[in-house]
Amino acid sequence: MSASSSPRVAMESIIAKPRSGWAVQPNLLDYDQTYSTFSWEAERKRLTGLPGGAGVNIAYEAVTRHAAGAAGQRIALRWLGKSGQTRDITYAELDRLSNRFANVLRSLGVGRGERVFTLAGRLPEQHIVALGTLKNGSVFCPLFSAFGPEPIRQRLARGDGRVLVTTAALYRKVAGIRDELPELQHVLVIGADGAPVTAPDSLDFQNALDAADDAFDIVATAEDDMALLHFTSGTTGMPKGAAHVHAAVLMHYLTGYYALDFHPEDVFWCTADPGWVTGTSYGIIAPLTHGITTVIDEAEFDAERWHRILQDERVSIWYTAPTAIRMLMKLGEDVARGYDLRALRFIASVGEPLNPEAVIWGQRAYGLPIHDNWWQTETGGIMIANFPAMDIRPGSMGKPLPGIQAGILRRLDSGAVEQVSEPDVVGELALRPGWPSMFRAYLHEPERYAKCFAGGWYLTGDLARCDADGYYWFVGRADDLIKSAGHLIGPFEVESALMEHPAVAEAGVIGKPDPVAGEVVKAFVALKDTFEPTDELQRDLLGFARKRLGPAVAPREIQIVASLPRTRSGKIMRRLLKARELGLPEGDLSTLESPLS
Ligand code: ATP
Ligand code: MG
């Protein structure tokens, strides 16, 4: 398979990084050398392991090993409430509170491998529950708090949820489905502002915690014991439940070190909700394994609030998503003017392709480029990244993490796969299995899991190409590739080109069946606030895209819409654009955020 058009990044658009003179020297200075000398054996020494060699447990590496020493008094979590409240929790306190929650689980008879779900939003209780659950050898499964009753029921049922921790406000969504969940034995409710919980057949979370003991001997979990269950975002279909094990903590630590560049004094803010894998791997675990401070903001996106947080909390590393960056871009380059963001030294993004325009915009708005990185629920941690000391090619996801072997595969007619050795050929992005945070199952779907592997590779379902210098470029989801008049077109390059037009805030591109060409490219675009949808603008957009992409790749049709349908984690749902365009069934919409208008 080869793409007809591979946009080459112009040399002048490369963002060169200094070779020396850093205020904070990046952990990864020489990519090639670190990559070629990497050894899992050596890196494993960064973990402490359970006392007496009893095994490995994520919670031990995240809090307990810091709690007793000098780091115990460090602030682990700084929680910022919606209404202006704040709460600081030190490592020692987080260790104690999570011990208490582990004791609560034990007293309820919840054991190893049993699933503890949360539906609680961005609260420090998420951390307490996650760590307590892991200490107890049980499995943590966070749900996105904006889910309606049906997606909640479906995930609890599929994940065999035994315990659910939720809030008084969110309990309302659970009350009506409890009868349908015989496996769900215990519901603990976090009361609003200390008010007692009155939900029937439920326990008050705070009372239970208050009554529990401070001391807990962490269950001796082994590397391969299941620790986390994460449902995928549902961008391409019915969400899958990806199971992860305690060994994953090494990857959480290492990616924090190499890709996010954690240093002991850092204040880190991951804006993702704990209901998605990013919110757990990086919102909870990775920063704690480094003993640094994590900021948690309870509120929803608001540009002014976000900049105030960056300023007031002196955030040094900010990990966010293209959807947030696009919303900030809509507000213009001056969006951060007037805030003192001198503490900020590194910005990273994940979840969707980051258009070159956005990478460069970061430099104009913050004086820092935005570092794209790529991974999936299945990989458990960052796999491909733009590292602080590596030159950026805007639009590229970067290079594989040390220890990670990536490749581009082509599928042969026989069904076998073959690695592509030439540069810039589009194929399926694949990874050599064996990294510690690789998913170990799709829960209850062994066949689907088995189908992800071929020829000694894990196939990611994404299409990409690798250039001659080893940078990876995202092309699209394998399902989203457009075949038009013999050309293979990745939606991302068309969307990126449209994003360069001054009127375009976001774009989603699909293939539309066509009797002559097979498929033609159709684009949906949402405009920036200051632009009106006129026929003239539409013509201008078509002309702009043609000039930028050439007639073979440019969209044949452009439809201006008020907004694009997105998953709740912010990803554009191209499958839904397509289904609606073609009048086909819309499929699973449990993660849909905003309807197409
Ligand atoms: P589902 O598997 O249920 O369809 P999903 O794939 O969106 O949903 P996630 O695991 O949350 O669920 O997302 C991972 C996917 O997001 C990747 O496979 C890729 O398609 C996309 N993605 C993540 N980061 C990037 C990135 N930096 N560039 C391009 N795409 C990205
Ligand atoms: Mg996926």
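In each ligand, atom 1 is the first atom listed, and ligand 1 is the first ligand listed.
- The atoms of ligand 1 that sit less than 4.0 Å from any heavy atom of Q376 are 10 (O), 14 (C), 17 (C), 18 (O).
- With hydrogens and angles left out, the side-chain atoms of D588 and S590 include a donor and acceptor closer than 3.5 Å.
- An N or O contact shorter than 3.5 Å links T235 to ligand 1 by distance.
- The distance from ligand 1 to the heavy atoms of K571 drops below 4.0 Å at these ligand atoms: 7 (O), 9 (P), 11 (O), 13 (O), 14 (C), 15 (C), 16 (O).
- Ligand 1 places these atoms under 4.0 Å from at least one heavy atom of D372: 26 (C), 27 (N).
- More than 12 heavy atoms of other residues, nucleotides or ligands shown are found within 6.0 angstrom of CD on E422.
- Of the N and O atoms on the side chains of D479 and T236, not one donor lies less than 3.5 Å from an acceptor on the other residue.
- With no hydrogens or angles considered, a side-chain donor-acceptor pair links Y442 and E378 at under 3.5 Å.
- Remark: distances from the non-hydrogen atoms of N373 to ligand 1 include one below 4.0 Å.
- Scanning the protein heavy atoms around atom 29 (C) of ligand 1, the nearest turns out to be P353 N, 3.2 Å.
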(request) Verify ring-ring contact (aromatic ring centres under 6.0 Å, His included) between F387 and Y258, making sure each step is shown before the conclusion. (result) CA-CA 7 Å; F387 303 93; Y258 288 122; 7.5 Å; no
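- Close approach to K240 involves these atoms of ligand 1, each under 4.0 Å from a residue heavy atom: 1 (P), 2 (O), 3 (O).
- For atom 17 (C) of ligand 1, the nearest protein heavy atom (residue, atom name, distance) is D462 OD2, 3.2 Å.
- Considering only non-hydrogen protein atoms, atom 10 (O) of ligand 1 sits nearest to T377 OG1, 2.5 Å.
- Contacts between W375 and ligand 1, counted as non-hydrogen atom pairs separated by less than 4.0 Å, involve the backbone only.
- The one candidate from Y319, F346, F268, Y257 that meets the ring pair (Phe, Tyr, Trp, His ring centres under 6.0 Å) condition with F262 is F268.
- Judged by distance alone, the side chains of T118 and Q126 do bring a donor and an acceptor atom under 3.5 Å apart.
- A side-chain donor from one of Q376 and Y458 sits under 3.5 Å from a side-chain acceptor of the other.
- For E352, every heavy-atom contact with ligand 1 shorter than 4.0 Å involves the backbone, none the side chain.
- Remark: minimum distance from atom 6 (O) of ligand 1 to any protein heavy atom is reached at R477 NH1, 2.7 Å.
- Using cut-offs of 30° and 60° for the angle between ring planes, the Y282 and W375 rings count as perpendicular.
- Selection from S233, P322, G351, S396 by nearest heavy atom to atom 24 (N) of ligand 1 gives G351.
- Under a 4.0 angstrom heavy-atom cut-off, V350 registers as being in contact with ligand 1.
- In T236, the parts holding a heavy atom less than 4.0 Å from any atom of ligand 1 are both the side chain and the backbone.
- For atom 31 (C) of ligand 1, the nearest protein heavy atom (residue, atom name, distance) is W374 CD1, 3.6 Å.
- With hydrogens and angles left out, the side-chain atoms of W269 and D297 include no donor and acceptor closer than 3.5 Å.
- Geometric assessment of R155 against the ring of F231 yields a positive cation-pi assignment under the 6.0 Å and 45° thresholds.
- For F474, every heavy-atom contact with ligand 1 shorter than 4.0 Å involves the side chain, none the backbone.
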